[in-house]
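Data first, discussion second: the structure below is written as structure tokens.
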Amino acid sequence: MKHFFIALAIALMAAMAVEASDITEASDLAKRISPRLAQKVTFKLIPSTAGGHDVFTLESQGSKVVIAGNNANSMAVGLNRYLNRYCKTTVSWYGDIAVDLPSTLPDVPARETVEARVPQRFFLNYCTFGYTMPFWDWADWERFIDWMALNGINMPLAITGQEAVWYNVWTRMGMTDEEVRGYFTGPVYLPWHRMANIDAWCGPLPKEWLDGQAELQKKIVARERALNMRPVLPAFAGHVPRRLKEMYPNADIKAMSTWDEFEEPYRTFFLNSEDPLYAKIQKMFLEEQTRMFGTDHIYGIDPFNEMDPPSFEPEYLNKISRHIYSSLTAVDPKAEWLQMGWFLYYQRKDYTPERARAMLTGVPKGKMTMLDYYCEYKEMWRDLDGFFGQPYIWCYLGNFGGNSNIQGNVKQAGEKLEAALKEGGSNLVGIGSTLEGLEVQQFPYEYIFEKAWDFKKTDDQVVNELADRHAGTESLAVRHAWKVLYDSVLNIRPTTFCGPLPCQYPELDKEHGRCAIRYNPEMLLEAWNSLLEQREITTDAMTIDMIWIGRQLLGDLFLIDKRTLDNAYHNRDYMTMQQMAVEMATILSYMDVLNDKHPFCTVQKWIEQARDLGIAPEVKDYYEMNARRLVTTWGGDLNDYACRNWGGLLSAYYAQRWFVYLEEMFDAVSKGKDIDTSKLNGRIKDIQDMWPTTTSEYFSSRIGLGGDDFDEMQSCNILEMCRLINNRFGEQFKLLKKS
């Protein structure tokens, strides 16, 4: 009996410690948002629902707003509900952006109780760690983790710092420091190295990067776990250095297929999971990673992402899966495998249902969770028999490469998600987003994660609450604008290389489907004009809305002017050519300065982050080179894949390509000849080759109007800037037509 009471006391103390920890973490999150907010709200721990679901309640008691939840993560969602609905504000996922709060924090008029509809809420994509996060410091991560908690995310991809683990593994196996760091890519390209697409590109990786990222990862996973998240760490998927083939000549190591036209030195190598060396490396990696970062027993493993396996035979694919999983459980008996289902979409002609079944069922049912990666366009669970009984997470992709244009079929994605929740079977265990880059417009992703909770909102409620928190108050004009955007503009599925024509490669008579006007521009213009009715702009979210729409309209107008220019060239209409050239340069200038109204719409911010992360001057230059290259020339055949409609990038890079195009066009007409395409491409290549290694201060020199007009654009606020744009181009906007 004595032992019983001792055990009971220990259990009670443990429960009290958990309760105190959850409340403390939620309270600390509120303090990080605003000390004034933390004084208004208080937190309580309540049980999960009878069905075991996460839950929160929200109500006012006296002068306090009481937020109760079954854990800190649920409490955070309740806090976000209070901020969004009652304080009419949006918490930015960028650490530099302060949270806009009303002067008087409101009470909650009636008690709310909201349950989670799914247990797992996944976020991130390997690519996000290259397109957005490579140069983040702890302040950036701290806000972002808070944003994830506020939006109920409890299963984030957590792959920062893994090169430090691999460095220790590979050096212990006999590779030199230079060999290991030369095997790694540059920092912005590490996602594609981690997915076994490329090795060595823009390397070697500095040692200070390895050390710094390891320390950063320790903070990341500690905070994520404190907020009831289950970080998804990597495991060994078979990707090994080329040097290992020489060191272990009898090992079953094969060269992988080349990726996106990268040349032979950047080819990757795969170790067959049946080879005894595989289990040895898995053990070394997992033990070292657990020593450094702990474990939550769930591991991201993606052996053949956009790469051909050594064989597509079902038996081979089944064996690969079985042996990978057994190598996991030999080290961690609680191990679960999380795999992105992108390969099943991207290579769907190769991964027939028979082959997909073989690969997925090589792992015991319930031990491999599939991320259905691109569900707003293609739900693979419907084609592959619900992933043959394995658990899966319905994911909204929403963005390729961080492309900064208006896209995303938001409303339709919500409808598809609702249908999946009804029809997807009991093995649909979660909702997620697999965006490639954060960009600045958060709404599509916040919308998807709201669907993970039973808010029972109508479309009108979704739009009105969104508009109110972007405006910071109830505004009929802003509500109308967002109703138009939600119903009639955000109905475009995201595609690759997607951006406005100013960010595309200049070619005669060629626009690419990438920059087509795929929505009704009259609706975008209607939303724009409604937003212009505001008397003032007081929130960061509304500043983003104005930039987001304004630069899209200008980019669409540039497309129309380029068509007129090319037609005038063919007709040798020199006067019209001159008129269009001036107009196009003016549009670029307005776009450039409009983007300057928000720091995260500028290339300067991106480059500053890169340089600030470096310690040694040569490392700062190296990081800047990586940063510049990724958002422009990339590598392989991916030039302009990550095109960004950014201030500074438009003037210093994209405009320079367009000026060469205009010069060659005018030169051809003046000489009575056709454009020398070879010369044009050569000059553009010179600009592209020079750009990544230009590490000088260039932001003071701008293209554009100059004089009073340019000074006025730079000095005015965002609303004044948008009105200048409308005064200058409003009548032309009315002529825009869907492509």
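Worth saying up front: this structure is predicted, and the values here are computed from it rather than measured.
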From I97 atom CD1 to S92 atom OG, the distance as rounded to the nearest 0.5 Å
5.0 Å
To the nearest 0.5 Å, tell me how far L524 CG sits from Y519 OH.
5.0 Å
So does D637 get a backbone contact from the side chain of E261, meaning a donor-acceptor N/O pair under 3.5 Å?
no
Restricting to non-hydrogen atoms, name the atom on N409 and the atom on R493 that form the minimum distance, rounded to 0.1 Å.
OD1-CA, 3.7 Å
Taking the six-membered ring of Y569 as reference, does the cationic atom of R572 (NZ for Lys, CZ for Arg) lie under 6.0 Å from its centre and within 45° of its axis?
yes
Short side-chain donor-acceptor distance under 3.5 Å, E439 and N403:
no
Spatial distance of atom CZ (F123) from atom SG (C395) [nearest 0.5 Å]
10.5 Å
E446-W147 side chain donor-acceptor pair, cut-off 3.5 Å
yes
Passing candidate, ring-ring contact (aromatic ring centres under 6.0 Å, His included) with F400, options Y373, F497, Y374:
Y374
Minimum-distance pair of heavy atoms, taken over all atoms of P502 and W658
O-NE1, 3.0 Å
Give the intermediate values and the outcome of ring-ring contact (aromatic ring centres under 6.0 Å, His included) for residues W136 and F144.
CA-CA 10 Å; W136 278 12; F144 183 68; 5.4 Å; yes
With Y505, which of N681, N639, D640 fulfils side chain to side chain donor-acceptor pair (under 3.5 Å)?
N681
According to the salt bridge (Lys or Arg N to Asp or Glu O under 4.0 Å) rule, which pairs have a member within residues 498-519, sequence neighbours left out?
E511-R563
Please work out which of the three classes, parallel, tilted or perpendicular, describes the rings of H598 and F600, given edges at 30° and 60°.
tilted
ring-ring contact (aromatic ring centres under 6.0 Å, His included) between Y590 and F729: does it pass, once the steps are laid out?
CA-CA 10 Å; Y590 273 89; F729 300 104; 5.2 Å; yes
Hey, does P191 have a side-chain heavy atom less than 4.5 Å from the side chain of Y131?
no
So, does D573 use its side chain to make a donor-acceptor pair with the main chain of A568 at under 3.5 Å?
no
Is it true that E608 and Q604 share a donor-acceptor pair across their side chains at a distance under 3.5 Å?
yes
Is there a donor-acceptor pair closer than 3.5 Å between any side-chain N or O of K597 and the backbone N or O of C716?
yes
Under the 3.5 angstrom rule, does the side chain of T268 hit a backbone N or O of A196 as a donor-acceptor pair?
yes
Y266-W259 aromatic ring centre distance below 6.0 Å:
no
Verify the neighbour count for atom CD of E264: are there more than 12 heavy atoms of other residues, nucleotides or ligands below 6.0 Å?
yes
Taking all non-hydrogen atoms of both residues into account, name the closest pair between T586 and R728 and its distance.
CG2-NH2, 4.0 Å
Is any side-chain heavy atom of F733 closer than 4.5 Å to a side-chain heavy atom of N726?
yes
Would you find a donor on one side and an acceptor on the other, under 3.5 Å apart, between the side chain of T128 and the backbone of L435?
yes
Below 30° counts as parallel, above 60° as perpendicular, anything between as tilted: where do the rings of W482 and H470 land?
perpendicular
Are any non-hydrogen side-chain atoms of P187 and Q213 less than 4.5 angstrom apart?
no
Under a 4.5 Å cut-off applied to non-hydrogen side-chain atoms, are I547 and I718 in contact?
yes
With sequence neighbours left out, which residue pairs that include part of residues 404-414 fulfil the salt bridge (Lys or Arg N to Asp or Glu O under 4.0 Å) condition?
K411-D459, K411-D487
Salt bridge (charged side-chain N to carboxylate O under 4.0 Å, His left out) between E664 and K673, intermediate numbers included
CA-CA 10 Å; E664 291 300 321; K673 298 180 179 180; over 6 Å; no
Taking Q714 for its side chain and V593 for its backbone only, find out whether a donor-acceptor pair lies under 3.5 Å.
no
Is there a side-chain contact between M546 and L532, using heavy atoms and a 4.5 Å cut-off?
yes
Go through the steps for Y447 and Y486 under the test side chain to side chain contact (heavy atoms under 4.5 Å, CB included), then give the verdict.
CA-CA 11 Å; Y447 169 81; Y486 181 74; 3.2 Å; yes
Nearest heavy atoms of R194 and T160, plus distance in Å:
NH2-CA, 4.5 Å
Quick one: closest heavy-atom pair of L594 and G550, and the distance?
CD2-C, 3.7 Å
Report yes or no: does E376 contribute a side-chain atom to a donor-acceptor pair with the main-chain N or O of L397 at less than 3.5 Å?
yes
For N405 and N645: C-alpha separation, side-chain torsions, deciding distance, then whether side chain to side chain contact (heavy atoms under 4.5 Å, CB included) applies.
CA-CA 7 Å; N405 60 313; N645 186 349; over 6 Å; no
Say you draw a straight line from OH of Y574 to CE of M665; how long is it, rounded to the nearest 0.5 Å?
11.5 Å
From CG (L466) to NZ (K483), nearest 0.5 Å
12.0 Å
Main-chain N/O of Q688 paired to T633 side chain as donor or acceptor, under 3.5 Å:
no
Check whether Y654 forms a cation-pi arrangement with R657 (NZ or CZ under 6.0 Å from the six-membered ring centre, at most 45° off the ring normal).
no
Walk me through whether H480 and E533 qualify under side chain to side chain contact (heavy atoms under 4.5 Å, CB included).
CA-CA 11 Å; H480 176 71; E533 293 178 22; over 6 Å; no
Check for a donor-acceptor pair, side chain of Y641 on one end and backbone N or O of L630 on the other, with a separation under 3.5 Å.
no
Does the distance from a Lys or Arg side-chain N to an Asp or Glu carboxylate O, for E624 and R628, drop under 4.0 Å?
yes
N197 side chain vs N305 backbone, donor-acceptor pair below 3.5 Å:
yes
Validation row: S530, V484 side chains within 4.5 angstrom (heavy atoms)
no
Does the side chain of W342 reach to within under 4.5 Å of the side chain of E306, using non-hydrogen atoms?
yes
Working to the nearest 0.5 angstrom, can you tell me the gap between Y623 OH and I615 CD1?
7.5 Å
Check ion pair E720-R723 (N to O, under 4.0 angstrom)
no
Check whether any side-chain heavy atom of Y94 lies under 4.5 Å from a side-chain heavy atom of V440, and answer yes or no.
yes
Taking all non-hydrogen atoms of both residues into account, name the closest pair between W606 and P134 and its distance.
CH2-CG, 3.9 Å
Run the numbers on I675 and L680 for side chain to side chain contact (heavy atoms under 4.5 Å, CB included), then give the verdict.
CA-CA 8 Å; I675 288 180; L680 170 64; 4.3 Å; yes
Could you walk me through whether Y189 and W634 pass the ring-ring contact (aromatic ring centres under 6.0 Å, His included) check?
CA-CA 9 Å; Y189 296 102; W634 216 109; 4.9 Å; yes
